[in-house]
K.L.:
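Quick one: structure below, then a few questions.
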Amino acid sequence: MDKKPCNSEDAEVRKGPWTMEEDLILINYIANHGEGVWNSLARSAGLKRTGKSCRLRWLNYLRPDVRRGNITPEEQLLIMELHARWGNRWSKIAKHLPGRTDNEIKNFWRTRIQKHIKQAEPLPGQCSELNDNASSSQMCDAGDGVDQPYSPTYSGNLEPFPLPLPNESDDNFWSVEDLWTLP
DNA sequence: AAATACCCCAACCGCCGCATA
DNA sequence: CTATGCGGCGGTTGGGGTATT
């Protein structure tokens, strides 16, 4: 009773982690037909996933040009700079970081930078920082390329901090490279 | 050696805007 | 002009792994 997510083959929609098989199907299908309408792509490919799920998987993980892990200090700096300018416009920020996805940047921000800021600046009185939720989406919209006077607490203090190096020992899981090197 | 707490990443959900019928 | 569908975005959650006690 462990390795059976559902089993029900007739289940309409599959959820949860992607299997290597599903990844391969998706990669092969896109390699042959290209990206299209995701919903029909999912069906045509024989995947019991929603179009959204397929798109997310492809964009965030399977695409050949996607880089994962090891955010460099330069990238970190850029992220902080762009976030200072645009707030939580992750997709916008991601466009300036080739190979990085909005999801990854978002995760990076929340897990690393946000915490770092919190530690560096424990100001209880000020509603401080992490205009993460409310404010950002309201104040810095306006337009592409328009520099908004968005000033988070770390402004003026943009400098990368040392990041722990993740060891890539994915023995239990396949990596994207594995998938792409398959015949 | 075992248990607990913490951290990180992948994936899902809901909302919004745009395009097409 | 209105309704429907799709894609995209941001926020949130759950699971797995690692570190610490």
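Residue numbers start from 1 in every chain, and the chains themselves are labelled A, B, ... in the order their sequence lines are given, proteins ahead of strands.
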K.L.:
Within this structure, what is the CH2-to-P distance between Trp109(A) and dC9(B), rounded to whole angstrom?
P.N.:
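Trp109(A) atom CH2 is separated from dC9(B) atom P by 16 Å.
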K.L.:
OP1, OP2 of dG8(C) versus side-chain N and O of Ser91(A): anything below 4.0 Å?
P.N.:
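For dG8(C), OP1/OP2 do not have a side-chain N/O of Ser91(A) under 4.0 Å.
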K.L.:
Can you check whether Leu47(A)'s main-chain N or O pairs, donor with acceptor, with Arg14(A)'s side chain at less than 3.5 Å?
P.N.:
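Not a single qualifying donor-acceptor pair exists.
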K.L.:
Applying side chain to side chain contact (heavy atoms under 4.5 Å, CB included) between Ser91(A) and each of Asn103(A), Ile105(A), Asp102(A), report the one that passes.
P.N.:
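Exactly one candidate clears the test, Asp102(A).
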K.L.:
Counting heavy atoms from C-beta on, name the nucleotide in dC9(B), dG7(C), dG11(C) closest to the side chain of Trp38(A).
P.N.:
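Closest nucleotide among those given: dG7(C).
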K.L.:
Calculate the interatomic distance between Asn107(A) atom CG and dG10(C) atom C1'; express it in whole Å.
P.N.:
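For the pair Asn107(A) CG and dG10(C) C1', the rounded distance is 12 Å.
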K.L.:
Applying a 4.0 Å non-hydrogen cut-off, can you work out what Asn103(A) is touching in the nucleic acid: base, sugar-phosphate, or nothing?
P.N.:
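If one applies the 4.0 Å heavy-atom cut-off, Asn103(A) turns out to touch a base.
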K.L.:
Expressed in angstrom and rounded to an integer, what is the separation of Arg55(A) atom CZ from dA10(B) atom C1'?
P.N.:
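Spelled out: CZ on Arg55(A) to C1' on dA10(B) is 15 Å.
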K.L.:
Select base, sugar-phosphate, or nothing to describe what Gly51(A) touches, counting heavy atoms under 4.0 Å on all strands.
P.N.:
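Result for Gly51(A) = nothing.
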K.L.:
I want to check a possible cation-pi pair here: Arg49(A) against Trp38(A), using under 6.0 Å from ring centre and within 45° of the ring axis as the test.
P.N.:
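No.
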K.L.:
Using whole Å, what does the distance between atom P of nucleotide dC9(B) and atom CD1 of Ile71(A) come to?
P.N.:
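The distance from CD1 of Ile71(A) to P of dC9(B) comes to 9 Å, rounded to the nearest Å.
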K.L.:
When you measure from the side-chain N and O atoms of Arg89(A) to the phosphate of dG10(C), is any distance below 4.0 Å, counting only OP1 and OP2?
P.N.:
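Checking Arg89(A) against dG10(C): at least one side-chain N or O falls below 4.0 Å of OP1 or OP2.
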K.L.:
Is it true that Arg63(A) and Glu35(A) make a salt bridge, defined as a side-chain N closer than 4.0 Å to a carboxylate O?
P.N.:
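A salt bridge is absent here (no side-chain N lies under 4.0 Å from a carboxylate O).
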K.L.:
Determine, for Tyr61(A) and Arg57(A), whether the Lys NZ or Arg CZ falls below 6.0 Å from the six-membered ring centre while staying within 45 degrees of the axis.
P.N.:
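Checked: cation-pi criterion met.
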K.L.:
Quick one: which of dC12(B), dC9(B), dG7(C) gets closest to the side chain of Ser53(A)?
P.N.:
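For Ser53(A), the side-chain atoms sit closest to dC12(B).
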K.L.:
Atom NZ of Lys106(A) to atom P of dC9(B): distance rounded to whole Å?
P.N.:
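Interatomic distance, NZ of Lys106(A) to P of dC9(B): 14 Å.
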K.L.:
Indicate whether OP1 or OP2 belonging to dA10(B) is found under 4.0 Å from a side-chain N or O atom of Arg57(A).
P.N.:
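No, Arg57(A) has no side-chain N/O under 4.0 Å of OP1/OP2 on dA10(B).
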K.L.:
The side chain of Arg110(A) is closest to which nucleotide in this list: dT12(C), dC6(C), dC12(B)?
P.N.:
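Per side-chain heavy atoms of Arg110(A), the pick is dT12(C).
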K.L.:
Tell me the interatomic distance from Lys15(A), atom NZ, to dT13(C), atom C1', rounded to whole angstroms.
P.N.:
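Spelled out: NZ on Lys15(A) to C1' on dT13(C) is 13 Å.
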K.L.:
Please state how far atom CH2 in Trp90(A) lies from atom C1' in dT12(C), giving the value in whole angstrom units.
P.N.:
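One finds 14 Å between C1' of dT12(C) and CH2 of Trp90(A), rounded.
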K.L.:
Which of the following nucleotides, dA11(B), dG8(C), dC9(B), is nearest to the side chain of Thr111(A)?
P.N.:
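The nucleotide sitting nearest to the side chain is dC9(B).
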K.L.:
For Asn39(A), answer base if it contacts any base atom (sugar-phosphate contacts may also be present), sugar-phosphate if it contacts only those atoms, and nothing otherwise; contact means non-hydrogen atoms under 4.0 Å.
P.N.:
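If one applies the 4.0 Å heavy-atom cut-off, Asn39(A) turns out to touch the sugar-phosphate alone, with no base involved.
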K.L.:
Would you kindly give the CG-to-C1' distance between Asn88(A) and dG8(C), to the nearest whole Å?
P.N.:
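Going from CG in Asn88(A) over to C1' in dG8(C) covers 16 Å.
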K.L.:
Which of these nucleotides, dC9(C), dA10(B), dC15(B), is closest to any side-chain atom of Lys52(A)?
P.N.:
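Given the options dC9(C), dA10(B), dC15(B), the side chain of Lys52(A) is closest to dC15(B).
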